[in-house]
Amino acid sequence: MKFSDASISCPMDSLLQIISGPWTTYILWRLANYKKVRFGELKRLVPGISSRVLTERLRKLENCGLVERHYKPTIPPEVSYSLSERGLELRVILNQLSELSIKWDLAEKCKDQH
């Protein structure tokens, strides 16, 4: 049985499964430090991520209720993203994880793994 097929009995495991995966936590952390970010700007804030992967992760996070997509029907259309109210609840935890990774000297090691 693969891990993703296993039943999850701990609520923390459910949350961690939502926010884990390549780039996902980093995207959330970047959004936690900005009110509203346009797609292109967010792509620049997450160096190395492809547009396709960023789009996939944002859709996943939007479906989970952690990210909100804002669309303005201008020419060209303006699309931006922000954390939802639920996503904002993660802000303190994400910042603590960032501080801990720096304290443990993991920041540079993880930078190349995305």
Side-chain angles (χ1 to χ4, degrees):
M1 176 185 311
K2 292 189 281 182
F3 177 75
S4 60
D5 295 336
S7 62
I8 297 174
S9 59
C10 175
M12 284 186 293
D13 288 343
S14 298
L15 175 60
L16 290 173
Q17 218 172 33
I18 291 169
I19 66 172
S20 68
W23 302 105
T24 307
T25 308
Y26 192 50
I27 292 166
L28 286 167
W29 180 71
R30 284 305 207 173
L31 287 173
N33 293 292
Y34 292 86
K35 288 196 184 261
K36 206 184 250 191
V37 183
R38 291 187 68 175
F39 183 87
E41 183 181 356
L42 183 57
K43 190 171 182 315
R44 283 188 293 279
L45 290 170
V46 184
I49 194 169
S50 69
S51 294
R52 181 183 62 80
V53 171
L54 180 57
T55 299
E56 287 173 2
R57 296 304 181 270
L58 288 169
R59 283 184 184 149
K60 173 188 170 189
L61 293 168
E62 185 181 4
N63 288 335
C64 294
L66 297 176
V67 168
E68 292 178 347
R69 182 178 186 267
H70 309 276
Y71 175 81
K72 285 186 184 176
T74 58
I75 299 175
E78 186 178 315
V79 179
S80 58
Y81 296 88
S82 65
L83 290 182
S84 66
E85 198 171 307
R86 177 181 260 188
L88 287 170
E89 292 180 51
L90 292 170
R91 182 185 288 163
V92 172
I93 295 165
L94 292 168
N95 285 328
Q96 288 173 338
L97 286 171
S98 174
E99 290 169 15
L100 188 59
S101 70
I102 291 167
K103 179 181 175 184
W104 289 1
D105 198 29
L106 298 173
E108 285 301 313
K109 295 173 188 169
C110 294
K111 187 177 174 182
D112 298 327
Q113 293 179 2
H114 292 289

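Treat the numbers as computed from the prediction; the structure is a model and nothing was measured.
Of the possible polar contacts, one joining the Thr25 side chain to the Ile19 backbone as a donor-acceptor pair under 3.5 Å is found. Within the 3.5 Å criterion, the main-chain N or O of Ile49 finds a donor-acceptor partner in the side chain of Lys43. Listed for the Asp105 side chain is no donor-acceptor partner under 3.5 Å among the backbone atoms of Ser101. Counting only distance, with no hydrogens or angles, the side chain of Arg57 and the backbone of Thr24 share no donor-acceptor pair below 3.5 Å. Using modelled atom types, one side-chain atom of Lys60 and one backbone atom of Ile18 make a donor-acceptor pair closer than 3.5 Å. A donor-acceptor pair under 3.5 Å is formed between the side chain of Thr55 and the backbone N or O of Ser51. Of the possible polar contacts, none joining the Arg86 side chain to the Leu66 backbone as a donor-acceptor pair under 3.5 Å is found.
Note on residues 44-53: pairs passing salt bridge (charged side-chain N to carboxylate O under 4.0 Å, His left out), not counting sequence neighbours, are Arg52-Glu56.
Applying the side-chain contact (heavy atoms from CB on, under 4.5 Å) rule to Leu97 yields the partners Ile93; only residues at least two apart in sequence or on another chain are considered.
Distance CD/Glu68 to CD/Glu62: 9.0 Å, rounded to 0.5 Å. The structure places CZ of Arg69 at 9.0 Å from OG of Ser80, a figure rounded to the nearest 0.5 Å. Taking NE2 of His70 as the start and OH of Tyr81 as the end, the distance is 10.0 Å to the nearest 0.5 Å. With rounding to the nearest 0.5 Å, the separation of CD in Glu89 from CG in Leu83 is 11.0 Å. For the atom pair CG (Leu88) and CG (Leu28), the distance works out to 10.5 Å, reported to the nearest 0.5 Å. From Leu90, atom CG reaches atom CG of Leu61 across 9.5 Å, with rounding to the nearest 0.5 Å.
Hydrophobic clustering, with ILVMFWY side chains joined whenever heavy atoms are under 4.5 angstrom apart, groups Tyr34 together with Trp23. The hydrophobic clustering, which links ILVMFWY residues whose side-chain heavy atoms are closer than 4.5 Å, places Tyr71 and Leu54 together. Leu16 and Leu31 end up in the same hydrophobic cluster when Ile, Leu, Val, Met, Phe, Trp and Tyr side chains are linked at under 4.5 Å.
Counting heavy atoms from C-beta on, the side chains of Tyr26 and Ser98 never come closer than 4.5 Å.
When all heavy atoms of Leu42 and Val37 are compared, the pair lying nearest together is N-CG1, 3.4 Å. Looking at every heavy atom in both residues, Ser84 comes nearest to Gly65 through OG-O, 2.5 Å. For the pair Lys36 and Ser82, the tightest heavy-atom approach, listed with the atom from each and the gap, is CA-CB, 4.2 Å.
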